[in-house]
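Naming: A, B, ... by sequence-line order, numbering from 1 per chain.
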2 protein chains.
Amino acid sequence: MSCINTLKEKGLKLTPQRRLIVDIIHDAEGHLTAEEIIRYVQARMPGVNKSTIYRTLDLLEEAGCVYKSELGKECIYHHEQEGHHHHLICRRCGKTIDCGSDIFKPVQKSLSEKYGFRVEFKHIVMSGVCKQCRNTSK
Amino acid sequence: MSCINTLKEKGLKLTPQRRLIVDIIHDAEGHLTAEEIIRYVQARMPGVNKSTIYRTLDLLEEAGCVYKSELGKECIYHHEQEGHHHHLICRRCGKTIDCGSDIFKPVQKSLSEKYGFRVEFKHIVMSGVCKQCRNTSK
DNA sequence: ATAGTTAATGCACCTGGTTGCAATTATATT
DNA sequence: AATATAATTGCAACCAGGTGCATTAACTAT
Ligand SMILES: [Mn+2]
Ligand SMILES: [Mn+2]
Ligand SMILES: [Zn+2]
Ligand SMILES: [Zn+2]
């Protein structure tokens, strides 16, 4: 909803492609991979070029409407309404666990104190080994 | 030095390409990007294919001889002797700060307690804003 | 030293993502 | 409603990294 207004306020043109991409991100729950977004866009509007989609996603990120992050080599996007959160992904079984945005607070604090450096952690995907897998294949 | 032994112990063949790649990683101080490694290898041994280099690097990582991580979209590698450490990179001025491996301890602890999940943080490159840039462009 | 086995290499092609540029189109102005 | 203009699109080419497969070369056994 408000993404369109944000674009308008920034003086950006409201093309059908952009409207569609915004729609898709609004309708999604959780995050979408770039591949999913491309697929959904082209299903509803064949012929839209992937470069247009990537450019629009960058633009929406720049505007603060979506958050972009990395899952392995892929880019994933989620709507700003979802708020910041992180994921744990098990290297062995692939299971994912969601976790809150506050776990990096101590890191941010110590880096700020030691170096005066402000790090932003947004939608980090952390790889590791889950409880079950740790017990099982011991 | 010991990387060669590790490969030998694992029953892997000691090709000239592999020896060269190991040499380059030994001689380097700090980390190298894949691009640097490819350039150095091909300078000394023209014709070595990039897929060979990437495969060797994966192999060395698998064997625990080098650590692989990501700097932006690029892969970077450093020798295991360097030990685990992390970097802060300023989004505005590009300056980098090295920091120790212990800053993520609190995160590891809380994720372990809450979810029984063990996350490994190795050579993380964190983007943010440095002290100077924060003061300057306020 | 020779031959055989098996792993490693180079090649060609693929993937996700990015970029320069000419053609198109959304918006502002008349 | 028609025009002007600046932004956006599609395209084609590019990039880093990865993969399947036929050829080559490192080790093993003779
Ligand atoms: Mn998410
Ligand atoms: Mn480093
Ligand atoms: Zn698991
Ligand atoms: Zn800075």
Side-chain angles (χ1 to χ4, degrees), chain A residues 3-25 31-63 65-77 125, chain B residues 3-25 31-63 65-77 125:
Chain A
C3 296
I4 295 292
N5 291 335
T6 308
L7 293 182
K8 208 177 283 183
E9 280 164 27
K10 291 211 159 196
L12 295 161
K13 292 184 178 173
L14 292 179
T15 64
Q17 293 92 331
R18 286 180 179 171
R19 287 175 193 279
L20 174 54
I21 292 165
V22 166
D23 274 6
I24 285 168
I25 287 167
H31 50 242
L32 295 168
T33 65
E35 187 270 325
E36 287 170 326
I37 297 172
I38 291 171
R39 189 150 38 84
Y40 297 159
V41 167
Q42 293 180 342
R44 288 214 247 157
M45 195 186 274
V48 176
N49 195 271
K50 60 176 180 165
S51 59
T52 300
I53 298 170
Y54 283 115
R55 278 189 285 230
T56 301
L57 291 169
D58 284 354
L59 198 107
L60 289 168
E61 195 209 4
E62 190 82 7
C65 295
V66 307
Y67 299 135
K68 173 185 185 174
S69 42
E70 333 236 316
L71 176 58
K73 292 268 109 177
E74 291 187 312
C75 292
I76 57 185
Y77 302 83
V125 181
Chain B
C3 296
I4 295 292
N5 291 335
T6 307
L7 293 182
K8 208 177 283 182
E9 280 164 25
K10 291 211 160 195
L12 296 161
K13 293 183 177 173
L14 291 179
T15 65
Q17 293 92 330
R18 285 180 180 173
R19 287 177 194 277
L20 175 54
I21 291 165
V22 167
D23 275 5
I24 285 167
I25 288 168
H31 50 241
L32 296 167
T33 65
E35 187 270 326
E36 288 170 326
I37 296 172
I38 292 172
R39 188 151 38 85
Y40 298 160
V41 168
Q42 293 181 342
R44 287 213 247 158
M45 195 187 273
V48 177
N49 196 272
K50 61 177 180 161
S51 58
T52 300
I53 299 171
Y54 282 117
R55 278 189 285 231
T56 301
L57 290 169
D58 283 355
L59 198 106
L60 289 168
E61 195 209 4
E62 190 83 6
C65 296
V66 308
Y67 299 136
K68 173 185 186 174
S69 42
E70 333 235 315
L71 175 57
K73 293 267 108 178
E74 292 189 312
C75 292
I76 57 184
Y77 301 84
V125 181

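- We find that CG of B:L60 is positioned 14 Å from C1' of C:dA8, with the value rounded to whole Å.
- Within the 4.0 Å cut-off from OP1 or OP2 of C:dT9, at least one side-chain nitrogen or oxygen of B:T15 is found.
- Residue A:R18 places at least one side-chain N or O closer than 4.0 Å to OP1 or OP2 of D:dT9.
- In this structure, A:K13 NZ and A:R18 CZ are separated by 9.0 Å, a value rounded to the nearest 0.5 Å.
- Looking at B:K73, its side chain has no donor and acceptor atom pair within 3.5 Å of the base of C:dT18.
- Protein atom NZ of B:K10 is 15 Å distant from nucleotide atom C1' of C:dA7, rounded to whole Å.
- Both B:E74 and B:R19 sit near DNA chain D, but only B:E74 has its closest nucleotide nearer the 5' end.
- Following rounding to the nearest Å, B:I37 (CD1) and D:dG18 (P) show an atom-to-atom distance of 12 Å.
- Side-chain N/O atoms of B:Y54 include one lying less than 4.0 angstrom from OP1 or OP2 on D:dG17.
- Regarding B:K50, its NZ atom lies at a distance of 7 Å from the C1' atom of D:dA16, rounded to whole Å.
- In this structure, the side chain of A:T52 does not engage the main chain of A:V48 through any donor-acceptor pair within 3.5 Å.
- Taking CD1 of B:I24 as the start and CE of B:M45 as the end, the distance is 9.0 Å to the nearest 0.5 Å.
- Mapping A:R55 and A:I38 onto DNA chain C via the closest heavy atom, the residue that lands nearer the 5' end is A:I38.
- Tested against A:R39, the residues A:E36, A:Q42, A:E35 include a single side-chain hydrogen bond (donor to acceptor under 3.5 Å, both in side chains) partner, A:E35.
- Contact annotation for B:S51: base contact, defined as any heavy-atom pair under 4.0 Å involving a base atom.
- As a whole-Å value, the separation of A:D58 CG from C:dG16 P is 17 Å.
- Nearest-nucleotide mapping onto DNA chain D: of B:E35 and B:L12, the residue sitting toward the 5' end is B:E35.
- Heavy atoms of A:G11 sit nowhere under 4.0 angstrom from any nucleic acid atom.
- B:K13 places its NZ atom 15 Å from the P atom of D:dT24, with the value rounded to the nearest Å.
- As a whole-Å value, the separation of A:Q17 CD from D:dA7 P is 17 Å.
- One can place NZ of A:K68 at 8 Å from P of C:dG17, the figure rounded to the nearest angstrom.
- A donor and an acceptor atom, one from each side chain of A:R55 and A:S51, are located under 3.5 Å apart.
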